[in-house]
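Every chain is numbered from 1, with letters handed out A, B, ... down the list of sequences.
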Protein chains: 2
Amino acid sequence: MPERFGRRIPEPTVVRLPVYQRVLLELSSHGVATISSAELADAAGVNAAKVRKDLSHFGTYGTPGTGYDVDFLLGQIQRELGTDQERPVVIVGIGHLGHALARSQGFAGSGFRLAGLFDSDHKVVGEQVRGVRIRPISDLAGVCRSEKVAVGIITTPAVAAQEVADHLVTAGVGAILNFAPAVLSVPSEVQVRHVDFSAELQVLAFYQAHPEAAPTREAAVTLREARSRRPGPALSMEAGENGGRRALSEGRPGT
Amino acid sequence: MPERFGRRIPEPTVVRLPVYQRVLLELSSHGVATISSAELADAAGVNAAKVRKDLSHFGTYGTPGTGYDVDFLLGQIQRELGTDQERPVVIVGIGHLGHALARSQGFAGSGFRLAGLFDSDHKVVGEQVRGVRIRPISDLAGVCRSEKVAVGIITTPAVAAQEVADHLVTAGVGAILNFAPAVLSVPSEVQVRHVDFSAELQVLAFYQAHPEAAPTREAAVTLREARSRRPGPALSMEAGENGGRRALSEGRPGT
DNA sequence: TACTGTGAAATGGTTCACAGCT
DNA sequence: AGCTGTGAACCATTTCACAGTA
């Protein structure tokens with residue numbers, strides 16, 4: 001029996017769920033009906049054991065001898081991730097990056113809704129991005145409370161980040177995605193994730209300068225390659241012209 | 001003796017290096033002369049043992065009984081990260097995100113130089129961002145080769161990402177920072193790091209929906225708090241008015 | 001005394017390998 | 001025959017705890 005919750009879910013597992021979700025979404029749109037852990041692993045750039053172990057934390061979703069039903073598994077993952085509900089988020093700091101995130105496609109379809117944009121600069125307050133008005137920081141706490149905002153995104157300069165985080169925490173926001181290059185100090189019950197563009201560049205540069213110190217990476221494979229490297233027809237980009245849903249590696253049709 | 005290279009450096013260690021660097025940069029600008037592993041750990045949001053183990057991979061930089069010399073340690077970390085050299089990078093896909101990254105401060109001071117901007121859209125080709133002209137993708141390989149580009153940044157839509165990655169690899173670019181929501185398939189000697197904004201949001205949402213499954217986080221502390229929680233004077237924002245460089249937790253002056 | 005550097009122990013995540021199901 | 005789910009083995013990283021040094 002799978003470990004039906006109460007248990008801790010490893011962070012690396014949770015990080016991989018959105019990747020599986022994306023692959024399954026694409027497979028589903030191509031009319032693929034079932035997929036094995038090995039194929040899903042190829043497409044996600046991980047290995048098959050990891051896929052199976054990851055999924056086993058949530059339930060028994062596969063069928064021995066066949067694999068996983070794409071649409072069913074997709075539904076389960078979306079349920080776990082809460083992609084079905086709409087979580088309100090705010091972005092604080094509407095510079096170029098804040099603008100870019102506000103306009104990105106990452107919200108719709110991933111279960112998030114832009115509940116507010118905030119900036120301290122009087123010159124941008126009042127502007128609209130995607131139909132959402134930019135408000136002054138003084139409105140932040142009020143909006144977070146009234147809209148029950150779950151996640152706050154910080155895209156301010158580093159010097160302002162801690163102050164904004166304090167406002168968010170005070171307003172009851174329980175999760176923060178921080179793009180500012182600063183370490184935030186928040187109560188331990190608040191979740192924080194840090195996205196640091198220049199740190200990522202530096203990590204790449206480091207391993208480039210010291211190849212002998214580099215970890216060995218697992219090679220990923222495109223969906224098309226995942227299919228062609230295993231027995232089965234090539235993955236067509238025109239979804240299922242034969243009408244029926246297919247397994248990713250069923251026997252060649254018409255032979 | 002510290003393990004003087006040849007050895008593998010754990011990825012988590014490399015990821016923390018830029019964080020230490022940033023903290024030390026700030027300490028240095030405040031005129032702080034020395035810092036203990038415990039204080040650096042507080043400011044970086046990690047624990048002291050981790051700081052010491054991380055640094056031990058590179059050399060013996062500390063002084064028992066005293067701690068680390070801020071400027072010396074900063075210099076060593078910058079040397080390890082190669083922050084002293086200027087690495088040329090290109091950005092492919094100059095939408096809102098590409099624009100934002102091109103304009104960001106993350107390049108200068110982190111050891112990177114914008115060597116080229118590329119987009120497939122004829123409408124933006126020819127525009128300038130930060131004095132760098134946007135060129136067509138057909139110029140990509142040529143520029144990468146002639147400028148010896150080390151790192152390629154992909155900020156295209158997901159569908160274009162693999163094709164761009166192929167171009168970069170062909171042109172000899174050995175490291176890719178991928179912002180597109182797609183798993184890239186590249187030769188194993190090419191380093192890839194993936195920054196996925198909406199996946200990060202989903203991870204936060206997941207742990208918010210399942211608090212019982214959440215990992216327990218280590219609480220960080222601001223530089224100011226790091227100092228005040230330990231015996232010593234408050235960290236002043238006006239750098240060293242007493243002229244001399246100070247330890248972060250030296251005894252109270254004038255008592 | 002106060003701190004670093006580091007073996008050794010503990011933890012946590014990954015991979016193996018196979019029993020069991022379809 | 002083929003593939004899942006999962007204990008057990010393995011490996012990497014973190015944390016402990018302390019000998020050694022300024």
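In this structure, CG of A/L73 is placed 9 Å from P of D/dG5, rounded to the nearest angstrom. Computed from coordinates, the A/L55 CG to D/dT4 C1' distance equals 10 Å when rounded to whole Å. If you measure from atom NZ of B/K53 to atom P of D/dC18, you get 15 Å, rounded to the nearest angstrom. The CG atom of A/D42 sits 12 Å away from the P atom of D/dC3 (whole-angstrom rounding).
B/V151 pairs by the side-chain contact (heavy atoms from CB on, under 4.5 Å) definition with A/L201, A/L204, B/V89, B/A175, not counting sequence neighbours. Under the rule for a side-chain contact (heavy atoms from CB on, under 4.5 Å), the partners of A/T83 that lie at least two apart in sequence or sit in another chain are A/Q21, A/Q78, A/L81, B/Q202.
If you look at B/F197 and A/F107, their ring centroids are closer than 6.0 Å.
Dashed line: the shortest gap from a side-chain N or O of A/R52 to OP1 or OP2 of D/dG7 is not under 4.0 Å. In terms of phosphate contacts, B/Y68 brings a side-chain nitrogen or oxygen within less than 4.0 Å of OP1 or OP2 of C/dG5. For B/S37, a side-chain nitrogen or oxygen approaches OP1 or OP2 of C/dT4 to under 4.0 Å. In this structure, A/R8 does not reach the C/dT11 phosphate: none of its side-chain N or O atoms is under 4.0 Å from OP1 or OP2. For the pair A/K50 and C/dT15, the criterion of a side-chain N or O lying under 4.0 Å from OP1 or OP2 is met. Within the 4.0 Å cut-off from OP1 or OP2 of C/dT22, not a single side-chain nitrogen or oxygen of A/T66 is found.
Inspection of the B/Y61 and B/D69 side chains reveals no N or O donor paired with an N or O acceptor under 3.5 Å.
Distances from the side chain of A/P12 to the nucleotides C/dT14, C/dT15, C/dC18 place C/dT14 closest. Listed candidates were C/dT22, C/dC16, C/dG5. Nearest to the side chain of A/A49 is C/dC16. Looking at the side chain of B/P64, the nearest of the listed nucleotides D/dT14, D/dG20, C/dT15 is D/dG20. Taking the side chain of A/S36 as heavy atoms from C-beta on, and the options D/dC3, D/dA22, D/dC16, the nearest nucleotide is D/dC3. Distances from the side chain of A/P10 to the nucleotides D/dT15, C/dG13, D/dG5 place C/dG13 closest.
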Apply salt bridge (charged side-chain N to carboxylate O under 4.0 Å, His left out) to residues B/R16 and B/E11 and explain how you reach the verdict.
CA-CA 9 Å; B/R16 286 187 290 266; B/E11 187 175 311; over 6 Å; no
For DNA chain D, what is the dot-bracket line, given that a base pair needs Watson-Crick (N1 to N3, plus N6-O4 or O6-N4) or G-U wobble (N1-O2 and O6-N3) geometry with both distances under 3.5 Å, and | means paired with another strand?
||||||||||||||||||||||
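Between B/D54 and B/S56, the closest side-chain pair of non-hydrogen atoms is not below 4.5 Å.
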